[in-house]
Each structure stands twice: as C-alpha cells, then as structure tokens.
Amino acid sequence: MKKFPSWLPLAMLNAILLLVYGSTMSHTLQEIDAGELAAVQYLPGIAHPSGYPLFTFLGFFGVRTFGIFEPLLVSNALNLLMVVLGANGFFMALRVVHSKGNSWLMALSVLSVFLSLRVWTQALSIEVYAYHIGLLGLWVWALVRYQLKQGSRAWLWLGGATGLLFTNHLISVVVLPGLFWVVWRAQATWKQRGIELVKMGAVGLSLALPMYAALYMLAQQNPDAYFGDLTSFSGFWNHVSGAQYRVWMFQGWEFSKENISLFVKGLPIDLYWTLLPVLPGLWFGRKYWPWLFIQLVVCIWYASNYDIPDIEPYYLSATVLLLFPVYAFFSYLFESIKPAWISYLPAVLIPVLMFAKHVERADRSTDVLVERYATAALESVPQNALVITRQWDVFVSPCMYLQKVENQRKDVVILDKELFRRPWYLVRGQEKHPEVWAGTEVQMDSLLPKLKAFEDGDPNPVGIQFAFEDWIQSLMRENAGRRPVLLGPELVDEEVGRRTDVVLPEGYRLVPLTYFYILQRDTAYIPVVEKIDVIDDMSPAVIETENRIHRMIRQLRVSMMANRFGYENYYGQVEEANRWRQRADRMRGRKSARGPVELPPQPQ
C-alpha cells in the first residue's frame, strides 16, 4: 500500500460519502424544524432555542453566496458538507492517535460508522445536528492532538473547537467531561490545569461571543422569522440556554432507564454489522482513549434524560465516536492475520453491507410527502384564512419557508396552538397581525400575566386554564365574522370533542373541508372542489415509508376523508360521499393508517 499517495485514503472516503449522500439527499422540504430552519438561514432570522448562531449565519452566507440555486437545496447541501467535514476530522484524529497505522483501514472505519442510519440521515436535509457532527470531528482532532502534545498551540485549537461547538447546539455540553479529563491528565498541577482551562475558555469565548452578540443584534431588528423574545438580557439568556426545555429534562431514573433501553435496542438496527467490530474494539483500543469511555457514558446518560419524541440525534456523539473501536478491531486483524490482505475483507464488507441495509430507508431524494402535504394544505384554505393547528412538524414549520421565502399564500395567517402558551408568541402575534387579535384584548390582558407567572416558576397560576380557553374562544369568535377560521383535525379530534383548551364559540359548528375544518354559524351545505389529491396519488413506496411523520400525515388524511364522507352523507350527497369513503378506505388500508375513525357529532 506504500506505493499509493498518503492523501488517497481520505480522497476515497470523501468521494464515497459525497456520492452516497449526494444521491440520497433531499431536494425539497422535510419535516419537523426543516421549514423554520431553512427560512431562518435565508432571511436570516432567530430559530427556536438555543438559536444556533453558527448554523444561522454560516447558512445565510452559503444561501446568499450561491443565490442562483434554490435556497433550500443550498441549505441541504451545506448539511451534507458538514457531515463530510466531520468524517474528515475523525479520519485525521485517527491518524494522530495511530501515526503509524493503516490509513486505508482508518478510512473504512470512518465509512462504516458514517453509513449508519443515524449519521447518514443527518446529511440529507437541513437540521442543526449535521453541523454538530462537523464541529465534533474538528473537536476530536484537536483533543487528541492536545492529549498527545502535538504542537505548542494544540490548546489553541482545542479551545477554538470547543467554542465553535457551543455556537451550534447545547448537546455540545457532553464534550466537557472528556475535555476536563484530557486536561487533567496532560497537566501535573492544579495551577497548570486551571491556566490551561482559562486559556482554552478565553479562545472559545472569543469565537462564541461575537456570534451570540450578532444573534442578539439581529433580534433587535425584529426579523420576519423570529422564535422567542431576545429583547431583554434575561430573555436572551433563557433562549440561548434552552430554558424552556428544562421541564423535559431529568424526569427520573425510570424514565432514563427506558430511554437507554430503547437506545441499546436500536443499536443493531442503526449500526447493523458495524456493531460486531465495536464490541471487541473497545477492548483492543482501551489504552488509547480513556476519554472515549467518558464521552460515551456522558452522552448516553445526558440524552436518555431528555423527554422528546425525536431523541435519536442526541445520541450522535456516542455513535460517531464508535469509529475508534471499529478501527482498533480492524487494526488488530491487520496485525494478527497473515497474509495481511485478508484483514481488508471485513473492513470493506461492512461498509458495503451498511449501504445495502440502509440505502432504501435513508434515501430522501424522492421523498416529497411533507412538501406536498404542506403545499396542498396551504393552497386548500380560503382567501385571507386564519388557520389554528398543532401540526408544527408537517404544516406550520414547512409553511414558514413556503410563505416567507417562496411567497406562497401570504394572505393566510397560520397560528400554532401549542405556542399560545408562550407570552412572546401572543405579543408578537398582536404586533404582526393586529387585525386578527382585534377584539381579544380583554381576554389577552387576563391571560398574559398568568402565562408569565407560569414561565417564572408558578406551576398553576389561579385561573390560567379558564383564561387560556377564554382567549382562544375569543380569537375564534372575533375572527369568524371577518375571515374564514379553520382548525386542524388533530385539534378537533383531541381537544374540541373533549372540550379542553379549544372550546367552540356559542352557536358555531365545524365543517370538514379537505385538510382542515372551517368554523361555520349556519347549516348551509359547503361543497369541496378538489381536482386531485396529491397525497393519495403518490407512489406507495413513498407514502408507506414507516416513520412517525409519514404515519402522522396518513392519519390526518384518513381523519379528514372519513369525516368529509360523514358530512356528504348527512346532506344526501351520495356520489360525493362514496368518493370520500373510497379515498378514506384506500388511505386507511395503507400501513399504519388502519383502524376505525371516530367521527365528530354531525350537524343537526
């Protein structure tokens, strides 16, 4: 292998990752925060906590620099490049630790882990976790250089990499125990350790503070995409420190144990054959990286204490660090088996098996379900409509991009009901849409102090639930006479029927349209004109993909179709009723959309 240039293994690694990631990358909007984050990078704006300044400004620079391309495509491509950057950082870290090791096996080790489903999917559409992978690769490279005392300025690189990590995501806190361990081992006295940490902290802050200062100044300009309230120092600190997420942290050992169990059970699915060299590799390479064990334990412990549906990305740090024991195992085979070329067989075979295992599930290149759903739902509503929903993952967030970047249906006001619990959301909504808030001032003046008391730590301010329901009811009542008011099916199914949070104003009823219910006072029949259902007519290979978001969309569509059938049937529209029933049955027959649909009370 010495006849090959030393740069060739890294070039091979980059070429394979760019080819694999590029061919499976999403070209359109995806779920959860993708729409919000893409809008934030384009404008720029303020994302949900913790704000992600590096992600925001680097993305803004990239999107505007390559303005000839679709902004979303540039944002997705930046995610891809950040994951590849992380792979380069980990490869270089392996070279530092094993200066006389086999570079081909290093590249194959990195490839084996970076083709795991958890890492691969982060490269395919816009999210903040890809930037975490890229920066983590840089940080690990700087850490091992400092540990092995390679260069008099190794502390400078490590401090800088740590600072950059904290400008992206708060999950970066999991690197601190490993950092402290390495500094502890590298320095002989408490004084030296303190000096090193102060120096690194100064470098990290010199990189992080300007970015957070820029985020603060951006907030003062009241950008179009603005999540939270950063106008005061306390509001800014609560935002960048993720204060609102503390209620989901550290719920107790039973909860953590369940999350750890799910993580362990998911390892064979995510890492597949890569898990085989990981287990013995942890033993073979134990003398090289004691910090690795600290990082693995801290990452798994920290992530397991977080109560959110999409917890998988929080285990990314633990996942990517497993490439070190993978290399340790491959290196052991290379040194133990003769002829040496035989050791390359498992090293080559595992990435091939990983690709074959995950490519179908990871591929987002043809997945347009979320964009089609959000676009169709947005286009379906009447002119100047007010839409109240909880569909952040598949409608509210995607529509932030559709409305603010692509200028689609800017006449429609979309409100996320779950954000009604945040005082800043109500205040900013009143500033941006005074015509929508008109007539609700009395109810809002009653609700705001109670919401602020709740945010300040009062677990149950007197009268908060009544004030909350009263304000939502007034919002619907005051707007029903001025504009079409629509509710998401999830609100109707889960809240209106139970008379909790969303209670209909007196004298109003709900009529199921195509994607939403419209608030109506009279009992006149309302027809729906829909030429084609962009969801029902999609390829089964896309719509039947088994993930939480696709199941959510299928269930939303089944609910609306079945209830529209009941509405048409009530008014004697037999042909239309049969058409909606057939569509509901067809959609219900798809994976994870089975089962009866509970219809709401029909108009009398």
Side-chain angles (χ1 to χ4, degrees), residues 12-14 16-26 30 79-91 93-94 105-125 127-137 140 171 174 259-260 262-282 285 292 295-296 299-300 303-304 310-330 346-365 545-547:
M12 178 204 71
L13 173 65
N14 285 322
I16 293 175
L17 288 179
L18 288 171
L19 178 62
V20 171
Y21 291 167
S23 63
T24 55
M25 186 184 77
S26 171
Q30 295 300 337
N79 262 47
L80 185 157
L81 293 175
M82 288 303 293
V83 176
V84 175
L85 173 65
N88 280 258
F90 283 108
F91 176 86
L94 282 172
L105 292 179
M106 294 177 189
L108 292 169
S109 301
V110 175
L111 194 60
S112 296
V113 172
F114 273 66
L115 289 180
S116 68
L117 193 62
R118 187 177 289 126
V119 178
W120 189 343
T121 53
Q122 296 307 319
L124 307 183
S125 64
E127 249 297 355
V128 296
Y129 305 111
Y131 288 66
H132 178 70
I133 294 174
L135 295 171
L136 187 63
V140 170
I171 192 62
V174 300
N259 264 0
I260 292 173
L262 292 173
F263 169 71
V264 173
K265 290 177 181 177
L267 281 176
I269 299 172
D270 182 39
L271 291 175
Y272 196 44
W273 289 106
T274 302
L275 199 58
L276 292 180
V278 164
L279 299 177
L282 286 170
L292 176 67
Q295 293 300 134
L296 291 175
C299 176
I300 295 170
S304 67
D310 301 289
I311 192 65
E312 283 294 305
Y314 282 75
Y315 292 111
L316 275 169
S317 298
T319 301
V320 294
L321 288 172
L322 292 178
L323 61 88
F324 284 94
V326 170
Y327 174 74
F329 177 75
F330 289 160
V348 172
L349 184 61
I350 286 178
V352 172
L353 292 173
M354 291 288 287
F355 174 82
K357 171 71 173 177
H358 293 317
V359 63
E360 184 176 356
R361 189 173 175 184
D363 188 5
R364 307 303 295 271
S365 61
T545 302
E546 274 307 309
N547 66 46

Dump the intermediate steps for side-chain contact (heavy atoms from CB on, under 4.5 Å) on F90 and L321, then the final yes or no. CA-CA 8 Å; F90 283 108; L321 288 172; 4.0 Å; yes
Residue pair L323, L94: steps toward the side-chain contact (heavy atoms from CB on, under 4.5 Å) verdict: CA-CA 9 Å; L323 61 88; L94 282 172; 3.8 Å; yes
Which is it for L322 and T274 under the side-chain contact (heavy atoms from CB on, under 4.5 Å) test, yes or no, and what are the steps along the way? CA-CA 9 Å; L322 292 178; T274 302; over 6 Å; no
Working note: W273 + S112, criterion side-chain contact (heavy atoms from CB on, under 4.5 Å); need CA distance, chi angles, decisive distance, verdict. CA-CA 9 Å; W273 289 106; S112 296; over 6 Å; no
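Once rounded to the nearest 0.5 Å, the distance linking NZ of K357 with CG of D270 reads 11.0 Å. Atom CD1 in I260 sits 6.5 Å away from atom OH in Y315 (nearest 0.5 Å). Taken to the nearest 0.5 Å, the CZ atom of F91 stands 6.5 Å off from the CE atom of M106. Here the CG-CD distance, from L117 to Q122, works out to 9.5 Å after rounding to the nearest 0.5 Å. In this structure, CD1 on I133 lies 9.5 Å from CE on M82, to the nearest 0.5 angstrom. In this structure, CZ on R118 lies 6.5 Å from CG on L267, to the nearest 0.5 angstrom.
Residues Y314 and C299 come closest through the heavy atom pair O-SG, 3.5 Å. S116 approaches T319 most closely through the heavy-atom pair OG-CG2, 3.8 Å. When all heavy atoms of L115 and P351 are compared, the pair lying nearest together is CD1-O, 3.5 Å. What you find for L108 and M12 is that their closest heavy atoms are CD2-CE, 4.3 Å. Closest approach of H132 to S317, counting heavy atoms only: NE2-OG, 3.0 Å. Contact between V264 and P268 at its shortest, heavy atoms only, is O-CD, 3.4 Å.
Of the possible polar contacts, none joining the N79 side chain to the A130 backbone as a donor-acceptor pair under 3.5 Å is found. Not one N or O on the side chain of Q295 forms a donor-acceptor pair closer than 3.5 Å with the backbone of A318.
Using a 4.5 Å heavy-atom threshold, the side chains of V84 and N88 count as touching. Residues L276 and P346 fail the side-chain proximity criterion, which asks for heavy atoms closer than 4.5 Å. In this structure, the side chains of Y21 and V119 come closer than 4.5 Å at one or more pairs of heavy atoms.
Scored by the side-chain contact (heavy atoms from CB on, under 4.5 Å) test, L279 finds no partners at all (sequence neighbours excluded). Remark: F114 engages no residue in a ring-ring contact (aromatic ring centres under 6.0 Å, His included) (not counting sequence neighbours). In this structure F324 satisfies the ring-ring contact (aromatic ring centres under 6.0 Å, His included) test together with W289, W291, sequence neighbours excluded.
The aromatic rings of F355 and W120 lie parallel to each other, their planes meeting at an angle below 30°, with 60° marking the opposite boundary.
In this model, no donor atom of one side chain and acceptor atom of the other lie less than 3.5 Å apart for H358 and T121. Between R364 and S125, the side chains place no donor N or O within less than 3.5 Å of an acceptor N or O (distance only, hydrogens not considered).
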